[in-house]
Undergrad: 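This is the structure I have questions about; it appears just below.
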Amino acid sequence: MSSTVKNSNYELIDVTTPFERLVHLAFAGSCIMLFISGFALMFHTLSFISTVFGGLYVTKYVHNFSGLLFAVSGLFAVVIWFKEGAIFDADDIKWFMKGGGYLWTKEGIPPQGRFNAGQKMYFVLKASTWALMSVTGIIMWFPYFFGKEITIFCYPLHALGVASLAGAVVVHGFLGSLGNPGTIQAMITGKCTRAWAKLQHAKWLKEYDEKHSK
Amino acid sequence: MNEKIMLVDLSKCTACRSCQVACKNWNGLPAVPTINRGTYQNPPDLNAQTYTLIRFQEIEAKDGAIKWLFRNDKCFHCTDAGCMKACPVPGCITRTESGAVVLDSTKCIGCKYCYHACPFSVPQFDAATEKMYKCHWCHDRQAEGRIPACAKACPTGTIQFGDKDAMITLAGKRAKELGGDASVYGEKHLDGTHVVYVLTEKPEVYEKLPVNPKISPLIFLWKDVLKPFSMLSFLGGLGACALYYLIKGPKRPKFEEGGEKHE
Ligand code: SF4
Ligand code: SF4
(Lines give C-alpha, C1' and ligand atoms only; values in the text may rest on other atoms or scores of the structure.)
(Ligands and ions follow the chains in the order given, each with its own letter.)
Protein backbone atom coordinates (compact mmCIF):
# COMPACT_ATOMS: atom_id res chain seq x y z
CA MET A 1 0.00 0.00 0.00
CA SER A 2 1.53 3.28 -1.03
CA SER A 3 -0.16 5.84 1.06
CA THR A 4 1.64 8.83 -0.33
CA VAL A 5 0.86 8.36 -4.01
CA LYS A 6 -0.64 11.58 -5.17
CA ASN A 7 -4.34 11.67 -5.91
CA SER A 8 -4.96 8.15 -4.67
CA ASN A 9 -7.69 7.67 -2.15
CA TYR A 10 -5.01 6.56 0.28
CA GLU A 11 -2.95 9.73 -0.08
CA LEU A 12 -2.39 11.34 3.29
CA ILE A 13 -3.08 15.05 3.38
CA ASP A 14 -2.31 17.57 6.12
CA VAL A 15 -5.64 18.81 7.39
CA THR A 16 -4.70 20.44 10.69
CA THR A 17 -1.64 22.33 11.92
CA PRO A 18 0.35 21.25 14.98
CA PHE A 19 -0.76 24.40 16.81
CA GLU A 20 -4.41 23.63 16.10
CA ARG A 21 -3.96 20.13 17.45
CA LEU A 22 -2.31 21.45 20.60
CA VAL A 23 -5.13 23.93 21.20
CA HIS A 24 -7.73 21.26 20.53
CA LEU A 25 -6.02 18.83 22.89
CA ALA A 26 -5.86 21.39 25.72
CA PHE A 27 -9.40 22.64 25.16
CA ALA A 28 -10.93 19.18 24.83
CA GLY A 29 -8.82 17.69 27.62
CA SER A 30 -9.69 20.45 30.08
CA CYS A 31 -13.33 20.24 29.05
CA ILE A 32 -13.45 16.52 29.78
CA MET A 33 -11.69 17.01 33.12
CA LEU A 34 -14.18 19.75 33.96
CA PHE A 35 -17.11 17.50 33.16
CA ILE A 36 -15.79 14.63 35.24
CA SER A 37 -14.87 16.77 38.24
CA GLY A 38 -17.92 18.98 37.82
CA PHE A 39 -20.37 16.08 37.79
CA ALA A 40 -18.65 14.66 40.87
CA LEU A 41 -19.22 18.01 42.56
CA MET A 42 -22.76 18.49 41.31
CA PHE A 43 -24.35 15.13 42.11
CA HIS A 44 -24.03 13.52 45.52
CA THR A 45 -24.64 10.17 43.83
CA LEU A 46 -21.59 10.73 41.61
CA SER A 47 -19.27 12.02 44.31
CA PHE A 48 -17.58 8.61 44.38
CA ILE A 49 -15.84 9.72 41.17
CA SER A 50 -13.84 12.13 43.32
CA THR A 51 -11.88 9.23 44.81
CA VAL A 52 -9.81 9.04 41.62
CA PHE A 53 -8.61 12.57 42.31
CA GLY A 54 -8.21 12.01 46.05
CA GLY A 55 -11.47 13.32 47.46
CA LEU A 56 -13.80 16.20 46.80
CA TYR A 57 -11.41 18.81 48.20
CA VAL A 58 -8.82 17.96 45.54
CA THR A 59 -11.58 17.57 42.97
CA LYS A 60 -12.55 21.18 43.57
CA TYR A 61 -8.99 22.25 42.71
CA VAL A 62 -8.85 19.91 39.73
CA HIS A 63 -12.00 21.68 38.56
CA ASN A 64 -10.58 25.16 39.25
CA PHE A 65 -7.30 24.61 37.45
CA SER A 66 -8.80 22.65 34.56
CA GLY A 67 -11.03 25.68 34.30
CA LEU A 68 -8.01 27.94 33.94
CA LEU A 69 -6.66 25.76 31.14
CA PHE A 70 -10.13 25.77 29.58
CA ALA A 71 -10.30 29.56 29.71
CA VAL A 72 -6.85 30.04 28.18
CA SER A 73 -7.02 27.33 25.51
CA GLY A 74 -10.57 28.41 24.72
CA LEU A 75 -9.35 31.91 23.98
CA PHE A 76 -6.89 30.50 21.43
CA ALA A 77 -9.59 28.22 20.03
CA VAL A 78 -11.96 31.10 19.47
CA VAL A 79 -9.27 33.22 17.84
CA ILE A 80 -7.85 30.60 15.49
CA TRP A 81 -11.15 29.06 14.41
CA PHE A 82 -13.41 32.08 14.40
CA LYS A 83 -13.25 32.69 10.65
CA GLU A 84 -13.83 29.07 9.70
CA GLY A 85 -16.17 28.30 12.57
CA ALA A 86 -18.51 31.22 13.00
CA ILE A 87 -19.29 32.28 9.44
CA PHE A 88 -22.06 30.33 7.74
CA ASP A 89 -22.77 30.23 3.99
CA ALA A 90 -25.56 28.95 1.73
CA ASP A 91 -24.12 25.43 1.71
CA ASP A 92 -24.33 25.34 5.48
CA ILE A 93 -28.05 26.15 5.35
CA LYS A 94 -28.55 23.32 2.88
CA TRP A 95 -26.56 21.03 5.14
CA PHE A 96 -28.87 21.83 8.04
CA MET A 97 -31.95 21.22 5.87
CA LYS A 98 -30.64 17.76 5.11
CA GLY A 99 -29.82 17.08 8.76
CA GLY A 100 -26.18 16.84 7.76
CA GLY A 101 -26.89 13.50 6.14
CA TYR A 102 -26.97 11.91 9.56
CA LEU A 103 -30.69 11.54 10.04
CA TRP A 104 -33.29 10.87 7.38
CA THR A 105 -31.18 11.05 4.21
CA LYS A 106 -27.62 10.62 3.03
CA GLU A 107 -28.23 12.21 -0.35
CA GLY A 108 -27.74 15.73 -1.56
CA ILE A 109 -25.35 16.89 1.12
CA PRO A 110 -23.56 19.97 -0.24
CA PRO A 111 -19.76 19.74 -0.22
CA GLN A 112 -18.37 21.17 3.00
CA GLY A 113 -15.34 23.28 3.87
CA ARG A 114 -12.79 22.24 6.46
CA PHE A 115 -15.53 22.54 9.08
CA ASN A 116 -18.98 21.32 8.18
CA ALA A 117 -22.09 23.19 9.27
CA GLY A 118 -22.57 20.97 12.29
CA GLN A 119 -19.04 21.59 13.44
CA LYS A 120 -19.61 25.31 12.98
CA MET A 121 -22.71 25.12 15.10
CA TYR A 122 -20.70 23.31 17.73
CA PHE A 123 -18.04 26.00 17.50
CA VAL A 124 -20.62 28.72 18.14
CA LEU A 125 -22.05 26.84 21.11
CA LYS A 126 -18.57 26.18 22.43
CA ALA A 127 -17.39 29.76 21.99
CA SER A 128 -20.41 31.18 23.81
CA THR A 129 -20.31 28.66 26.64
CA TRP A 130 -16.54 29.14 26.89
CA ALA A 131 -17.20 32.78 27.75
CA LEU A 132 -20.13 31.95 30.04
CA MET A 133 -18.36 29.18 31.93
CA SER A 134 -15.08 31.06 32.28
CA VAL A 135 -16.70 34.20 33.66
CA THR A 136 -19.16 32.49 36.00
CA GLY A 137 -16.52 29.95 37.01
CA ILE A 138 -14.01 32.58 38.08
CA ILE A 139 -16.68 34.42 40.05
CA MET A 140 -17.68 31.17 41.78
CA TRP A 141 -14.03 30.52 42.57
CA PHE A 142 -13.58 33.94 44.23
CA PRO A 143 -17.11 34.78 45.34
CA TYR A 144 -16.19 37.16 48.18
CA PHE A 145 -14.41 39.40 45.71
CA PHE A 146 -17.54 39.77 43.59
CA GLY A 147 -20.18 39.72 46.33
CA LYS A 148 -23.17 37.58 47.16
CA GLU A 149 -25.64 39.16 44.70
CA ILE A 150 -23.43 38.52 41.67
CA THR A 151 -22.24 35.09 42.77
CA ILE A 152 -25.71 33.77 43.37
CA PHE A 153 -26.57 34.56 39.73
CA CYS A 154 -23.57 32.61 38.52
CA TYR A 155 -24.67 29.31 40.05
CA PRO A 156 -27.68 28.77 37.75
CA LEU A 157 -25.81 30.30 34.79
CA HIS A 158 -22.94 27.86 35.27
CA ALA A 159 -25.42 24.99 35.41
CA LEU A 160 -27.16 26.34 32.31
CA GLY A 161 -23.81 26.08 30.54
CA VAL A 162 -23.48 22.47 31.65
CA ALA A 163 -26.99 21.61 30.53
CA SER A 164 -26.45 23.11 27.08
CA LEU A 165 -23.00 21.60 26.65
CA ALA A 166 -23.16 18.10 28.12
CA GLY A 167 -25.14 16.45 25.33
CA ALA A 168 -23.35 18.39 22.61
CA VAL A 169 -19.93 17.41 23.92
CA VAL A 170 -20.88 13.75 23.91
CA VAL A 171 -22.23 13.97 20.36
CA HIS A 172 -19.16 15.91 19.21
CA GLY A 173 -16.87 13.32 20.72
CA PHE A 174 -18.82 10.51 19.11
CA LEU A 175 -18.96 12.10 15.65
CA GLY A 176 -15.24 12.85 15.81
CA SER A 177 -14.39 9.25 16.58
CA LEU A 178 -16.68 6.22 16.24
CA GLY A 179 -19.25 7.98 14.08
CA ASN A 180 -16.83 9.06 11.38
CA PRO A 181 -13.82 6.76 11.04
CA GLY A 182 -10.76 8.62 9.84
CA THR A 183 -11.47 11.75 11.82
CA ILE A 184 -9.46 11.01 14.92
CA GLN A 185 -6.23 10.98 12.91
CA ALA A 186 -6.90 14.56 11.90
CA MET A 187 -6.74 15.49 15.57
CA ILE A 188 -3.74 13.36 16.48
CA THR A 189 -1.38 13.21 13.51
CA GLY A 190 -3.02 15.97 11.54
CA LYS A 191 -3.38 13.78 8.45
CA CYS A 192 -6.43 12.57 6.66
CA THR A 193 -6.87 10.33 3.65
CA ARG A 194 -8.04 11.76 0.37
CA ALA A 195 -11.05 9.45 0.55
CA TRP A 196 -12.03 10.88 3.92
CA ALA A 197 -11.63 14.43 2.69
CA LYS A 198 -13.75 13.66 -0.39
CA LEU A 199 -16.52 12.29 1.78
CA GLN A 200 -16.44 14.79 4.59
CA HIS A 201 -14.96 18.04 3.35
CA ALA A 202 -15.08 18.09 -0.46
CA LYS A 203 -15.12 21.87 -0.75
CA TRP A 204 -11.99 22.13 1.34
CA LEU A 205 -10.31 19.36 -0.70
CA LYS A 206 -10.99 21.27 -3.88
CA GLU A 207 -9.37 24.38 -2.46
CA TYR A 208 -6.50 22.26 -1.22
CA ASP A 209 -5.92 20.75 -4.66
CA GLU A 210 -6.09 24.14 -6.34
CA LYS A 211 -3.44 25.42 -3.98
CA HIS A 212 -1.22 22.40 -4.43
CA SER A 213 -1.67 21.79 -8.16
CA LYS A 214 1.14 24.14 -9.15
CA MET B 1 -35.10 12.90 70.80
CA ASN B 2 -37.98 15.32 70.33
CA GLU B 3 -37.83 18.20 67.95
CA LYS B 4 -36.57 21.22 69.87
CA ILE B 5 -36.87 24.97 69.56
CA MET B 6 -34.57 27.62 70.90
CA LEU B 7 -36.63 30.60 71.92
CA VAL B 8 -34.70 33.88 71.99
CA ASP B 9 -36.77 36.51 73.72
CA LEU B 10 -34.98 39.72 72.77
CA SER B 11 -37.02 41.76 75.24
CA LYS B 12 -35.04 40.15 78.05
CA CYS B 13 -31.56 40.49 76.58
CA THR B 14 -29.16 42.82 78.42
CA ALA B 15 -26.27 42.22 76.03
CA CYS B 16 -24.09 40.68 78.71
CA ARG B 17 -22.74 38.38 76.01
CA SER B 18 -22.60 35.35 78.25
CA CYS B 19 -23.90 33.37 75.27
CA GLN B 20 -21.10 34.62 73.05
CA VAL B 21 -18.46 33.71 75.61
CA ALA B 22 -20.04 30.37 76.52
CA CYS B 23 -20.10 29.44 72.82
CA LYS B 24 -16.41 30.27 72.44
CA ASN B 25 -15.69 28.37 75.62
CA TRP B 26 -17.55 25.19 74.71
CA ASN B 27 -16.22 25.13 71.16
CA GLY B 28 -12.67 26.08 72.13
CA LEU B 29 -12.69 29.11 69.87
CA PRO B 30 -10.02 31.79 70.26
CA ALA B 31 -10.73 35.49 70.57
CA VAL B 32 -9.86 37.41 67.44
CA PRO B 33 -8.24 40.82 67.93
CA THR B 34 -10.34 43.64 66.51
CA ILE B 35 -10.15 47.41 66.53
CA ASN B 36 -12.45 49.80 68.36
CA ARG B 37 -15.12 50.87 65.93
CA GLY B 38 -17.11 52.92 68.41
CA THR B 39 -19.59 50.16 69.17
CA TYR B 40 -19.87 47.41 71.75
CA GLN B 41 -20.66 44.96 68.97
CA ASN B 42 -17.52 42.92 68.80
CA PRO B 43 -16.38 41.28 66.60
CA PRO B 44 -18.10 43.29 63.88
CA ASP B 45 -19.81 40.22 62.41
CA LEU B 46 -20.04 36.47 62.74
CA ASN B 47 -16.77 34.87 61.75
CA ALA B 48 -15.13 31.47 61.64
CA GLN B 49 -14.26 31.79 65.34
CA THR B 50 -17.54 33.40 66.42
CA TYR B 51 -20.62 31.23 65.94
CA THR B 52 -22.89 33.45 67.95
CA LEU B 53 -22.80 37.23 68.24
CA ILE B 54 -24.72 39.89 70.09
CA ARG B 55 -25.58 42.69 67.68
CA PHE B 56 -25.88 46.19 69.16
CA GLN B 57 -28.11 48.68 67.45
CA GLU B 58 -29.34 52.12 68.44
CA ILE B 59 -32.74 53.28 67.31
CA GLU B 60 -34.85 56.30 68.07
CA ALA B 61 -37.92 55.39 70.08
CA LYS B 62 -41.28 57.03 69.47
CA ASP B 63 -40.73 59.55 72.28
CA GLY B 64 -37.43 60.63 70.75
CA ALA B 65 -35.28 58.78 73.26
CA ILE B 66 -32.49 56.50 72.13
CA LYS B 67 -33.27 52.83 72.47
CA TRP B 68 -30.78 50.01 72.36
CA LEU B 69 -31.62 46.81 70.53
CA PHE B 70 -29.69 43.64 71.18
CA ARG B 71 -29.93 40.61 68.98
CA ASN B 72 -28.37 37.23 69.53
CA ASP B 73 -27.39 36.26 65.98
CA LYS B 74 -26.42 32.80 64.80
CA CYS B 75 -27.61 29.98 62.59
CA PHE B 76 -31.40 29.58 62.63
CA HIS B 77 -31.32 25.84 61.98
CA CYS B 78 -33.93 26.16 59.25
CA THR B 79 -36.17 23.26 58.34
CA ASP B 80 -35.84 24.25 54.67
CA ALA B 81 -32.12 24.91 54.91
CA GLY B 82 -30.46 26.58 51.93
CA CYS B 83 -27.02 25.53 53.10
CA MET B 84 -27.98 21.85 53.00
CA LYS B 85 -29.51 22.22 49.58
CA ALA B 86 -26.36 23.77 48.15
CA CYS B 87 -23.57 21.74 49.76
CA PRO B 88 -21.89 19.42 47.24
CA VAL B 89 -20.35 17.12 49.84
CA PRO B 90 -22.50 14.21 50.99
CA GLY B 91 -22.72 14.13 54.77
CA CYS B 92 -21.11 17.52 55.26
CA ILE B 93 -24.25 19.37 56.35
CA THR B 94 -26.72 17.13 58.12
CA ARG B 95 -29.69 17.43 60.42
CA THR B 96 -30.12 15.91 63.84
CA GLU B 97 -33.39 14.65 65.26
CA SER B 98 -33.78 17.70 67.48
CA GLY B 99 -33.56 19.94 64.41
CA ALA B 100 -29.94 21.10 64.46
CA VAL B 101 -28.32 21.74 61.08
CA VAL B 102 -24.76 20.57 61.64
CA LEU B 103 -21.90 21.51 59.34
CA ASP B 104 -19.04 19.06 59.67
CA SER B 105 -16.11 21.32 58.89
CA THR B 106 -13.76 18.37 58.51
CA LYS B 107 -15.68 17.33 55.39
CA CYS B 108 -16.01 20.86 54.00
CA ILE B 109 -14.15 21.63 50.75
CA GLY B 110 -14.52 25.40 51.01
CA CYS B 111 -16.71 25.98 47.98
CA LYS B 112 -18.74 28.60 49.89
CA TYR B 113 -22.04 27.51 48.29
CA CYS B 114 -23.68 27.29 51.74
CA TYR B 115 -22.89 30.92 52.58
CA HIS B 116 -24.53 32.07 49.36
CA ALA B 117 -27.56 29.81 49.69
CA CYS B 118 -28.19 30.80 53.33
CA PRO B 119 -30.82 33.57 53.57
CA PHE B 120 -28.99 34.89 56.66
CA SER B 121 -25.38 34.55 55.35
CA VAL B 122 -24.49 32.51 58.42
CA PRO B 123 -21.68 30.07 57.47
CA GLN B 124 -18.29 31.72 57.82
CA PHE B 125 -15.14 30.89 55.87
CA ASP B 126 -11.74 30.52 57.44
CA ALA B 127 -9.04 31.21 54.88
CA ALA B 128 -6.39 29.45 56.97
CA THR B 129 -8.19 26.09 56.99
CA GLU B 130 -10.21 26.71 53.78
CA LYS B 131 -13.32 25.53 55.59
CA MET B 132 -16.68 26.83 56.73
CA TYR B 133 -17.80 27.10 60.33
CA LYS B 134 -21.11 27.87 61.98
CA CYS B 135 -23.24 27.21 65.04
CA HIS B 136 -24.09 23.53 65.33
CA TRP B 137 -26.63 24.00 68.12
CA CYS B 138 -24.28 22.15 70.46
CA HIS B 139 -25.42 18.89 68.94
CA ASP B 140 -22.62 17.25 70.92
CA ARG B 141 -24.10 18.57 74.19
CA GLN B 142 -27.60 17.67 73.09
CA ALA B 143 -26.49 14.10 72.42
CA GLU B 144 -25.52 13.97 76.10
CA GLY B 145 -28.88 15.31 77.17
CA ARG B 146 -27.61 18.83 77.83
CA ILE B 147 -28.92 22.08 76.42
CA PRO B 148 -26.75 24.28 74.16
CA ALA B 149 -24.05 26.27 75.92
CA CYS B 150 -25.55 29.66 75.08
CA ALA B 151 -28.92 28.71 76.57
CA LYS B 152 -27.19 27.30 79.63
CA ALA B 153 -25.16 30.47 80.16
CA CYS B 154 -27.88 33.04 79.57
CA PRO B 155 -28.64 34.59 82.99
CA THR B 156 -31.76 36.54 81.98
CA GLY B 157 -33.86 33.81 80.46
CA THR B 158 -33.54 35.33 76.99
CA ILE B 159 -32.41 32.02 75.49
CA GLN B 160 -34.66 29.12 76.35
CA PHE B 161 -34.43 25.66 74.92
CA GLY B 162 -37.15 23.05 74.96
CA ASP B 163 -39.66 20.92 73.11
CA LYS B 164 -41.05 22.48 69.98
CA ASP B 165 -44.71 22.89 70.90
CA ALA B 166 -44.02 24.24 74.37
CA MET B 167 -41.59 26.83 73.03
CA ILE B 168 -43.89 27.96 70.23
CA THR B 169 -46.73 28.43 72.70
CA LEU B 170 -44.43 30.32 75.03
CA ALA B 171 -43.24 32.57 72.23
CA GLY B 172 -46.78 33.45 71.18
CA LYS B 173 -47.76 34.18 74.75
CA ARG B 174 -44.76 36.38 75.32
CA ALA B 175 -45.28 38.42 72.13
CA LYS B 176 -48.90 39.01 73.14
CA GLU B 177 -47.84 40.00 76.61
CA LEU B 178 -45.36 42.54 75.23
CA GLY B 179 -47.92 43.92 72.79
CA GLY B 180 -47.11 46.84 70.47
CA ASP B 181 -44.76 45.87 67.64
CA ALA B 182 -43.65 42.66 69.34
CA SER B 183 -43.90 39.52 67.24
CA VAL B 184 -42.65 35.98 66.85
CA TYR B 185 -40.04 35.57 64.14
CA GLY B 186 -38.98 32.32 62.52
CA GLU B 187 -41.66 29.73 63.17
CA LYS B 188 -43.37 30.58 59.87
CA HIS B 189 -40.22 31.07 57.82
CA LEU B 190 -38.36 28.39 55.86
CA ASP B 191 -40.82 25.72 57.03
CA GLY B 192 -40.04 26.75 60.58
CA THR B 193 -36.65 27.75 61.89
CA HIS B 194 -35.47 26.05 65.05
CA VAL B 195 -34.25 29.32 66.50
CA VAL B 196 -37.27 31.52 67.07
CA TYR B 197 -37.17 35.16 68.17
CA VAL B 198 -39.56 37.21 70.15
CA LEU B 199 -38.84 40.62 68.60
CA THR B 200 -39.80 43.82 70.41
CA GLU B 201 -39.76 45.89 67.23
CA LYS B 202 -40.96 45.21 63.70
CA PRO B 203 -38.56 42.82 61.88
CA GLU B 204 -37.46 45.50 59.40
CA VAL B 205 -36.04 47.57 62.27
CA TYR B 206 -33.31 45.01 62.98
CA GLU B 207 -30.03 45.24 61.10
CA LYS B 208 -29.14 42.25 58.93
CA LEU B 209 -32.41 40.49 59.66
CA PRO B 210 -34.36 39.70 56.49
CA VAL B 211 -38.04 40.55 56.89
CA ASN B 212 -39.09 37.57 54.87
CA PRO B 213 -36.19 35.11 54.72
CA LYS B 214 -36.35 32.81 51.70
CA ILE B 215 -33.95 30.62 49.81
CA SER B 216 -33.29 32.56 46.62
CA PRO B 217 -35.23 31.31 43.56
CA LEU B 218 -31.83 31.30 41.84
CA ILE B 219 -30.75 28.48 44.15
CA PHE B 220 -33.94 26.62 43.24
CA LEU B 221 -33.31 27.19 39.52
CA TRP B 222 -29.78 25.92 39.95
CA LYS B 223 -30.39 22.84 42.06
CA ASP B 224 -33.90 21.77 41.10
CA VAL B 225 -34.12 22.69 37.42
CA LEU B 226 -30.77 23.07 35.68
CA LYS B 227 -28.94 20.40 37.63
CA PRO B 228 -31.34 17.61 36.54
CA PHE B 229 -31.28 19.10 33.03
CA SER B 230 -27.50 18.69 32.94
CA MET B 231 -27.86 14.98 33.56
CA LEU B 232 -30.68 14.76 31.03
CA SER B 233 -28.54 16.52 28.46
CA PHE B 234 -25.61 14.16 29.06
CA LEU B 235 -27.72 11.00 28.97
CA GLY B 236 -29.65 12.30 25.96
CA GLY B 237 -26.42 12.82 24.05
CA LEU B 238 -25.19 9.39 25.00
CA GLY B 239 -28.48 7.78 24.00
CA ALA B 240 -28.62 9.59 20.67
CA CYS B 241 -25.09 8.46 19.79
CA ALA B 242 -25.78 4.86 20.77
CA LEU B 243 -28.98 4.78 18.69
CA TYR B 244 -27.25 6.37 15.72
CA TYR B 245 -24.41 3.89 15.86
CA LEU B 246 -26.75 0.93 16.09
CA ILE B 247 -29.21 2.06 13.42
CA LYS B 248 -27.08 3.95 10.91
CA GLY B 249 -23.56 2.93 11.79
CA PRO B 250 -20.37 4.85 11.10
CA LYS B 251 -19.92 6.94 8.00
CA ARG B 252 -16.89 5.38 6.34
CA PRO B 253 -14.85 6.91 3.54
CA LYS B 254 -14.98 4.89 0.31
CA PHE B 255 -11.56 3.90 -0.86
CA GLU B 256 -12.63 1.78 -3.83
CA GLU B 257 -14.76 4.16 -5.88
CA GLY B 258 -13.27 6.93 -7.98
CA GLY B 259 -9.63 7.91 -8.10
CA GLU B 260 -6.94 5.40 -8.72
CA LYS B 261 -6.47 2.59 -6.35
CA HIS B 262 -2.94 1.84 -5.31
CA GLU B 263 -2.15 -1.33 -3.52
S1 SF4 C 1 -29.56 29.82 58.91
FE2 SF4 C 1 -28.31 29.46 57.12
S3 SF4 C 1 -26.67 28.13 57.84
FE4 SF4 C 1 -28.31 28.02 59.38
S5 SF4 C 1 -29.60 26.26 58.73
FE6 SF4 C 1 -30.49 28.10 57.81
S7 SF4 C 1 -29.55 28.14 55.77
FE8 SF4 C 1 -28.28 26.79 57.00
S1 SF4 D 1 -18.29 25.53 51.86
FE2 SF4 D 1 -18.19 23.52 52.87
S3 SF4 D 1 -20.06 23.31 54.04
FE4 SF4 D 1 -20.34 25.04 52.64
S5 SF4 D 1 -21.34 24.12 50.84
FE6 SF4 D 1 -19.17 24.06 50.42
S7 SF4 D 1 -18.46 22.07 51.16
FE8 SF4 D 1 -20.51 22.41 52.06
Side-chain angles (χ1 to χ4, degrees), chain A residues 1-3 5 7-11 35 38-45 47 55-60 101-103 106 140 143-144 148 151-153 155-160 162-175 178-182 192-200, chain B residues 82 86-92 107-113 115-118 121 125 127 130-131 216-242 244-245 247-263:
Chain A
M1 191 170 102
S2 48
S3 57
V5 173
N7 290 327
S8 90
N9 268 336
Y10 294 94
E11 180 195 353
F35 263 106
F39 270 58
L41 286 163
M42 187 152 51
F43 297 94
H44 280 191
T45 42
S47 61
L56 281 166
Y57 173 77
V58 185
T59 304
K60 175 187 175 278
Y102 285 109
L103 301 171
K106 282 186 177 172
M140 287 163 72
Y144 294 147
K148 195 168 179 172
T151 305
I152 207 164
F153 260 97
Y155 294 147
L157 284 177
H158 208 71
L160 178 71
V162 181
S164 46
L165 263 183
V169 164
V170 172
V171 171
H172 176 77
F174 167 77
L175 291 177
L178 287 175
N180 291 293
C192 68
T193 59
R194 181 170 285 277
W196 178 87
K198 259 185 210 164
L199 174 73
Q200 306 280 11
Chain B
C87 183
V89 182
C92 180
K107 289 194 177 131
C108 171
I109 62 168
C111 69
K112 310 175 187 92
Y113 290 174
Y115 166 83
H116 292 90
C118 170
S121 304
F125 185 68
E130 287 184 83
K131 288 173 191 311
S216 165
L218 293 165
I219 300 292
F220 171 80
L221 185 66
W222 171 36
K223 287 287 176 179
D224 294 326
V225 180
L226 292 163
K227 177 179 149 181
F229 262 108
S230 305
M231 187 45 90
L232 218 65
S233 164
F234 174 73
L235 295 177
L238 222 55
C241 293
Y244 176 81
Y245 199 71
I247 296 170
K248 298 245 167 177
K251 193 166 144 193
R252 294 184 194 282
K254 299 182 190 72
F255 287 92
E256 285 73 31
E257 299 167 10
E260 311 124 62
K261 195 172 153 197
H262 294 257
E263 260 166 310

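Just so it is clear: chains get the letters A, B, ... in the order the sequence lines come, proteins before strands, and each one is counted from 1.
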Undergrad: Heavy-atom distance under 4.5 Å to chain A: side chain of Ile219(B), backbone, both or neither?
TA: side chain

Undergrad: Nearest 0.5 Å, what's the CG-CG distance between Leu221(B) and Leu226(B)?
TA: 4.5 Å

Undergrad: Determine the option with the most heavy-atom pairs under 4.5 angstrom with chain A, choosing from Ser121(B), Ala240(B), Gly91(B).
TA: Ser121(B)

Undergrad: Looking at Leu56(A), Thr45(A), Val58(A), Val169(A), which has the largest count of heavy-atom pairs under 4.5 Å with chain B?
TA: Leu56(A)

Undergrad: For the pair Trp222(B) and Tyr155(A), name the ring-plane relationship: parallel under 30°, tilted 30 to 60°, perpendicular over 60°.
TA: parallel

Undergrad: Judged by atom type as modelled, is there a donor-acceptor pair below 3.5 Å linking the side chain of Lys227(B) to the main-chain atoms of Met42(A)?
TA: yes

Undergrad: Ring centroids only, cut at 6.0 angstrom: are Tyr115(B) and Tyr144(A) within range, meaning strictly under it?
TA: yes

Undergrad: Please identify, among Cys241(B), Cys108(B), Gly237(B), the residue contributing the most non-hydrogen atom pairs under 4.5 Å to chain A.
TA: Cys241(B)

Undergrad: Less than 4.5 Å to any heavy atom of chain B: does that hold for the side chain of Lys60(A), its backbone, both, or neither?
TA: side chain

Undergrad: Relative to chain B, which of Val171(A), Val162(A), Ile152(A) shows the most heavy atom pairs under 4.5 Å?
TA: Ile152(A)

Undergrad: What's the spacing between Glu130(B) CD and Phe125(B) CZ if we round to 0.5 Å?
TA: 5.5 Å

Undergrad: Given the ring of Tyr102(A), does Lys248(B) sit roughly above its face, with NZ or CZ under 6.0 Å from the centre of the six-membered ring and within 45° of the axis?
TA: no

Undergrad: Distance from Cys118(B) atom SG to Lys148(A) atom NZ, nearest 0.5 Å?
TA: 5.5 Å

Undergrad: Heavy-atom cut-off 4.5 Å, strictly under: side chain, backbone, both or neither for Thr59(A) against chain B?
TA: neither

Undergrad: Please classify the contact between Phe39(A) and chain B as side chain, backbone, both or neither, with a heavy-atom cut-off of under 4.5 Å.
TA: side chain

Undergrad: Between chain B and each of Pro181(A), Gly101(A), Ser164(A), Ala159(A), count heavy-atom pairs under 4.5 Å; write down the option with the most.
TA: Pro181(A)

Undergrad: How many angstroms lie between OG1 in Thr193(A) and CD in Gln200(A), if you round to the nearest 0.5 Å?
TA: 9.5 Å

Undergrad: Just so I understand: if I count every heavy-atom pair under 4.5 Å between each of Leu165(A), Leu175(A), Leu103(A), Leu157(A) and chain B, which residue has the most?
TA: Leu103(A)

Undergrad: Over 60° means perpendicular and under 30° means parallel, so classify the ring planes of Tyr10(A) and Phe255(B), tilted if in between.
TA: parallel

Undergrad: Only pairs of heavy atoms separated by less than 4.5 Å count here; which of Pro90(B), Pro250(B), Cys87(B) has the most with chain A?
TA: Pro90(B)

Undergrad: Output the option from Ala86(B), Ser233(B), Gly249(B) having the highest count of non-hydrogen pairs under 4.5 Å with chain A.
TA: Ser233(B)

Undergrad: Sort out for me which of Pro143(A), Ala163(A), Gly55(A) touches chain B most, counting heavy-atom pairs under 4.5 Å.
TA: Ala163(A)

Undergrad: With respect to chain B, which residue among Trp196(A), Phe35(A), Tyr57(A) yields the maximal number of heavy-atom pairs within a distance under 4.5 Å?
TA: Tyr57(A)

